[in-house]
Amino acid sequence: MNITDIFQIPLFRNFTQKMQEDFLENLEYTLENHPKGKTIIHQGSPCQAIHVLLEGKLNVDVVDVSGGEVRVEVIKAPRTFATPHVFAEKNQFPATFSVEEDVVLMKISKDSFFKMMHSMPVLLHNFLCVSTSCNKCTMTRLRVLSFRGIRSRYIYYLIDHLKEGEDTVDMEHNQVQLAEYFGVTRPALSKEINKLVDSGFIRISRNKVKILNKQALISML
């Protein structure tokens, strides 16, 4: 990935050519390469830099109240992650990040980024938008867990991940990970999924779920 490709990422969008040049010239950053299988960040460790995933994929896991790890998502390059936490009062990573596919990681110094925000209103605006988006992700998980039934949690997850104008969801989690995410057992989740398939509401093919009757699913929530 070319370093200038970071300007495709929401945190660095809408920069003029001159702004891009000034940004890269004045920014303090390092590049790191990490192989598949390596854990690069542990939950609760200090977040002292802006992290930009330039290449590869990362698994994101959190430790629940019982001490087990729950797969929250798999993030793909290019994108930033844990951005709001660098300036939080307790600036700790909210999850553990491990390498799913070999990654190239860009780490921007906290002080350097802070100075750039002062001189570039567009960057400040982008940072606030990204922070709001991260909070939305947290609220989505809480919303999923607010449903008491397994079927309702699964249906809400599907509807929330369904892109506008499409009828198929690319699943980020397998059933084991999804069961952990919902806080239920895998057999119980599998049973409810099979009922939806048998009733003709959804069709599953590998890691894709096709929604056959969206309105009927919504009515079950």
Is a donor on one side and an acceptor on the other found under 3.5 Å between the side chain of [X] and the backbone of [Y]?
X    : Y    : result
D160 : Y156 : no
R13  : Q8   : yes
T96  : Q43  : yes
S45  : H42  : yes
R203 : K210 : no
S199 : L196 : no
S205 : K208 : no
S219 : A216 : yes

Where [X] and [Y] come nearest, the two heavy atoms and their spacing:
X    : Y    : value
M220 : S152 : O-OG, 3.8 Å
K76  : R79  : O-CG, 3.2 Å
A82  : C47  : O-SG, 4.0 Å
D61  : S98  : OD2-OG, 4.2 Å
V60  : A95  : CG1-CB, 3.5 Å
V86  : Q48  : CG2-C, 3.8 Å

Looking at [atom1] of [X] and [atom2] of [Y], how far apart are the two atoms once the value is rounded to the nearest 0.5 Å?
X    : Y    : atom1 : atom2 : result
L189 : I150 : CG    : CD1   : 6.5 Å
T83  : H85  : OG1   : NE2   : 8.5 Å
N126 : M117 : CG    : CE    : 11.0 Å
Y29  : S112 : OH    : OG    : 10.5 Å
S119 : D22  : OG    : CG    : 8.5 Å
L53  : I6   : CG    : CD1   : 13.0 Å

Geometric class of the F23/F7 ring pair [parallel <30°, tilted 30-60°, perpendicular >60°]: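 If you compare the ring of F7 with that of F23, the planes turn out perpendicular.
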
Side-chain touch [X]/[Y], heavy atoms, less than 4.5 angstrom:
X    : Y    : result
V209 : Y154 : yes
V184 : L178 : no
L11  : F113 : yes
M120 : F15  : yes
I108 : E28  : no

Salt bridge or not between [X] and [Y]? Use side-chain N to carboxylate O under 4.0 Å.
X    : Y    : value
K36  : D102 : no
K115 : D111 : no
R151 : E192 : yes
K163 : E166 : no

[X], [Y]: one ILVMFWY side-chain cluster at the under-4.5 Å cut-off?
X    : Y    : answer
F93  : V99  : yes
V176 : V169 : no
M171 : I159 : yes
I202 : L221 : yes
V52  : L24  : yes

Any chance the rings of [X] and [Y] have centres within less than 6.0 Å?
X    : Y    : answer
F127 : F87  : yes
H173 : Y157 : yes
F97  : H51  : no

Stepwise side-chain contact (heavy atoms from CB on, under 4.5 Å) check, L54 with I3: CA-CA 8 Å; L54 296 179; I3 195 67; 4.1 Å; yes

Verdict with supporting geometry, T80 and F12, side-chain contact (heavy atoms from CB on, under 4.5 Å): CA-CA 10 Å; T80 54; F12 308 114; 4.2 Å; yes

Verdict with supporting geometry, L58 and V74, side-chain contact (heavy atoms from CB on, under 4.5 Å): CA-CA 6 Å; L58 288 173; V74 177; over 6 Å; no

Test salt bridge (charged side-chain N to carboxylate O under 4.0 Å, His left out) applied to E101 and K57, step by step: CA-CA 5 Å; E101 291 181 2; K57 295 181 183 178; 3.5 Å; yes

Step-by-step side-chain contact (heavy atoms from CB on, under 4.5 Å) determination, F114 to I50: CA-CA 10 Å; F114 189 67; I50 297 293; over 6 Å; no

K214, NZ atom: more than 12 neighbouring heavy atoms under 6.0 Å: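 Open.
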
